[in-house]
Asks: 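The following block contains the structure, expressed as structure tokens.
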2 protein chains.
Amino acid sequence: MTEKPPREGKRPTIADVARAAGVAPAIVSRALSPSRRPVSLEKKERVLKAAAELGYHQNPLARGLATKSIDLVAVIINYLSDLSDLDLFDPLLDAIQSLGKQAILIRVGRTKRIDDFLRNSLSYHVHAALVFSDFADAGEVRALFHSDNVLMLNGRFDAESARIRIDEQSGIDELVRHARGRGVGSAVLVTGRVSSLVEEARIAAYRSACAAAGVRLLSEVGGDYSYGSGVKAAAVIAVAMPEAVFCTSDSMAMGVMDGLARAGRRPPADYLLYGFDAVDKGNFAAYDISSVGFDRSALVAGILAYLGAPEEFPAAGLDIPTRFIARGTG
Amino acid sequence: MTEKPPREGKRPTIADVARAAGVAPAIVSRALSPSRRPVSLEKKERVLKAAAELGYHQNPLARGLATKSIDLVAVIINYLSDLSDLDLFDPLLDAIQSLGKQAILIRVGRTKRIDDFLRNSLSYHVHAALVFSDFADAGEVRALFHSDNVLMLNGRFDAESARIRIDEQSGIDELVRHARGRGVGSAVLVTGRVSSLVEEARIAAYRSACAAAGVRLLSEVGGDYSYGSGVKAAAVIAVAMPEAVFCTSDSMAMGVMDGLARAGRRPPADYLLYGFDAVDKGNFAAYDISSVGFDRSALVAGILAYLGAPEEFPAAGLDIPTRFIARGTG
DNA sequence: CTGAAAGCGCTAACAC
DNA sequence: GTGTTAGCGCTTTCAG
């Protein structure tokens, strides 16, 4: 790292490199461009040498202003709080960076005013936006971003938007059939934040799967995806013990398990327990919870494909299938 | 949202607003600036009205180029994988955004070439960088960033760098004394990635605490902070069962607990088990692990103070004390 | 208080 | 293949 700006205190610019290499600034721009642009080999080498000696680094602000594009991907989430987030976002960050882009993580929390986060922010100019948060539909997001490269992963897509959908119905059907096969006639469903479209669809999937399999849904208990809310739900469930408990997150299932253990009820002996997400990072021996999962690397690969060539992404979107994953509790 | 750019397909610029309001571009710039700059109230109102009608949004790239600053905070981490990361980064993101800034998350993984991620990237021009990853020391990071606002949170600081240090020794001393008080004479230490400076210091703290308290450290078993590595470590530990097991992460402690349970050994009856981090999100009933923790909101508050006014940050850095948190296993 | 003009550092278009 | 020129959209002197 031979840092040696020509003018003290200022970083070298393309003009400095041009001067040092004895060429025009435009030549430097071309020589340093990743795509092959017309420059003689000899000059290119001179430029590269001069740039290295000066410790030159391109100013992405200036480039972004000139090209109207920037290698930044906005990742819009509600929270970073669930165990399953670790499984997903760590490899996702890696994937984004492998493309030479960087991720700007926007956590909208429970506000509905997503544009407050974007007003005058860089986010307007990102290469692409990955929308996991359900607090925005496709139209809103498109209006918010300068970029049209918006990938909806929250279920709130429309005909114009690129999307990846996790097909939860398939895995849920399988799960409920499995429970039925083990003699379950009635069950309780513990839900997450019901205002979410994804959660709404998930709940509907459980209802239809239960109806189809002949499992009676005794009640639905509201939670917030968290372990603590599962523990709370257990208090309600314990009153009229069902044969099975379906939870729309693994964390809640863990909570239910511990909550019901206080009442001396343990799966799978006393009831069958099912989670959702099939998290790796939370697959502890003490909570060996049967669940519904999908291939996360397939999701990341899909996102990667989108980021690499948004225009070639299938117009119909991508569907990632889910499947039932049998573990110890059901 | 009254979007109505004057020229089709292009976002309105400051010039468009100026034209609509019948003033000069400079006036618009001043009127829209957050800091109070000389503009007559009447024109300011005209500008604000015109901007709203046109759906004008400032272009941060252009502003950044002109002002050489941008409201972006780089957060540099190794991985996003531990349970404790959820406890920290969710509130941290919230805090950064509350300042009107956005976070760009840089995951360096196990590469040592951190600058590969930064080369020609926006990161060079961030308002500040928060360095959690230990793959860079203070000097390297300062050289990498255009900004001098680098906050070291990885222990690798020098006299010039702002820093927040988690004082782990205090909590570890307390923990070991606690174990000694319960009759522990010998113990095994399960460590994380030892190439990390923080981990190195943590290990040293355990050694000195054990020496001081009169606890014999039988051996040190290498892990990688993860649950799985804890399970593996248990196989080694089971051979010569110690009176206590100290782990440098809660996740590993959970793994050790499950691994030793296979051999029929359970804490606290058969041995005492201690973790590190005192994660909230992973504080499950089945893993009620005694641990060392610190006030995460104090850390976030410290970071917030730094971001708000880096130059006023105490030159001596900030120390966050840790304390022993007694739970069920020790 | 106002506005013209000069950049910030880079790329794209156009001549040569 | 090369160099010149003209912006990208904004802020900031600096006269008025």
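Throughout, protein chains are lettered first and strands after them, A, B, ... in sequence-line order, and every chain is numbered starting at 1. Heavy-atom basis, side chains included; hydrogens, waters and symmetry copies ignored.
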Asks: Nearest of D/dC10, C/dT11, D/dG3 to any side-chain atom of A/Ala66?
Replies: C/dT11
Asks: Does the salt bridge (Lys or Arg N to Asp or Glu O under 4.0 Å) test come out yes or no for A/Glu53 and A/Lys49, once each step is laid out?
Replies: CA-CA 6 Å; A/Glu53 280 174 358; A/Lys49 184 160 165 291; 3.4 Å; yes
Asks: Can you identify which nucleotide, out of D/dC10, C/dG3, D/dT12, has its nearest atom closest to the B/Thr13 side chain?
Replies: D/dC10
Asks: Rounded to whole angstroms, how far apart are CZ on A/Arg63 and P on C/dA12?
Replies: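 It is 10 Å, rounded to the nearest whole Å.
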Asks: Does the side chain of B/Tyr306 come under 3.5 Å of the side chain of B/Glu312 through a donor N or O and an acceptor N or O?
Replies: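 Judged by distance alone, the side chains do not pair up.
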Asks: Take B/Tyr79 and B/Phe132 through the ring-ring contact (aromatic ring centres under 6.0 Å, His included) test and state the conclusion after the steps.
Replies: CA-CA 10 Å; B/Tyr79 297 95; B/Phe132 291 91; over 10 Å; no
Asks: Compare the minimum distances between each of C/dG3, D/dT11, D/dT4 and the side chain of B/Ile27, then state the nucleotide with the smallest one.
Replies: C/dG3
Asks: Look at the side-chain N and O atoms of A/Lys43 and state whether any lies under 4.0 Å from the OP1 or OP2 oxygen of D/dG3.
Replies: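 Indeed, a polar side-chain atom of A/Lys43 lies that close.
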Asks: When the distance from CD1 of A/Ile14 to P of C/dG9 is rounded to whole Å, what number comes out?
Replies: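 It is 11 Å, rounded to the nearest whole Å.
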Asks: Between B/Asp90 and A/Arg107, does any NZ, NE, NH1 or NH2 come within less than 4.0 Å of an OD or OE carboxylate oxygen?
Replies: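 Judged by the 4.0 Å cut-off on N to carboxylate O distance, A/Arg107 and B/Asp90 do form a salt bridge.
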Asks: Please give, in whole Å, the distance from C/dT11 P to B/Leu61 CG?
Replies: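 After rounding, the gap between these two atoms is 13 Å.
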Asks: Of B/Leu99, B/Asp94, B/Leu299, which is the lone residue that meets side-chain contact (heavy atoms from CB on, under 4.5 Å) with B/Leu304?
Replies: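 Only one of B/Leu99, B/Asp94, B/Leu299 forms a side-chain contact (heavy atoms from CB on, under 4.5 Å) with B/Leu304, namely B/Leu99.
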Asks: In this structure, how many angstroms lie between the P atom of D/dT12 and the NZ atom of B/Lys68, rounded?
Replies: 12 Å
Asks: Round to the nearest Å and state the distance from A/Asp16 atom CG to C/dC8 atom C1'.
Replies: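 So the CG-C1' distance, A/Asp16 to C/dC8, works out to 13 Å.
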Asks: Under the side-chain contact (heavy atoms from CB on, under 4.5 Å) criterion, do B/Phe157 and B/Arg165 qualify, and how do the steps go?
Replies: CA-CA 9 Å; B/Phe157 49 80; B/Arg165 210 170 55 87; 3.5 Å; yes
Asks: Which of these nucleotides, C/dC10, C/dA12, D/dG9, is closest to any side-chain atom of A/Leu65?
Replies: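 Ranking C/dC10, C/dA12, D/dG9 by closest atom to the A/Leu65 side chain puts D/dG9 first.
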Asks: For A/Lys44 and D/dT2, what is the distance between atoms NZ and P respectively, to the nearest whole Å?
Replies: 12 Å
Asks: Using the 3.5 Å cut-off, write out each protein N or O paired with an N or O of nucleotides 13-16 of chain D and the distance between them.
Replies:
| unit_1 | atom_1 | unit_2 | atom_2 | d |
| --- | --- | --- | --- | --- |
| D/dT13 | O4 | B/Arg30 | NH2 | 3.4 |

Asks: When you match B/Pro25 and A/Ser29 each to their closest nucleotide on DNA chain C, which lands nearer the 5' end?
Replies: B/Pro25
Asks: Answer yes if the side chains of A/Arg193 and A/Ser195 hold a donor-acceptor pair under 3.5 Å, and no otherwise.
Replies: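 Short answer, yes.
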Asks: Would you indicate which nucleotide in C/dG9, D/dC10, C/dA12 comes nearest to any side-chain atom of B/Ala62?
Replies: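 When the side chain of B/Ala62 is considered, D/dC10 is the closest of C/dG9, D/dC10, C/dA12.
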Asks: Going through the checks in order, is the side-chain contact (heavy atoms from CB on, under 4.5 Å) test met by B/Phe135 and B/Asn154?
Replies: CA-CA 9 Å; B/Phe135 282 129; B/Asn154 63 356; over 6 Å; no
Asks: Do any of residues 33-41 of chain A sit with a heavy atom less than 4.0 Å from DNA chain C, and if so which?
Replies: A/Arg37
Asks: Roughly, in whole Å, what's the span from CG in B/Leu32 to P in D/dG9?
Replies: 16 Å
Asks: For a side-chain contact (heavy atoms from CB on, under 4.5 Å) with A/Leu130, tell me which candidate from A/Ile76, A/Leu153, A/Ile106 qualifies.
Replies: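 Of the listed residues A/Ile76, A/Leu153, A/Ile106, the side-chain contact (heavy atoms from CB on, under 4.5 Å) partner of A/Leu130 is A/Leu153.
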Asks: Going by atom types alone, do A/Ser84 and A/Asp87 pair a side-chain donor with an acceptor below 3.5 Å?
Replies: no
Asks: In whole angstroms, how far is the P atom of D/dG7 from the CG atom of B/Asn59?
Replies: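 My rounded result for the distance is 18 Å.
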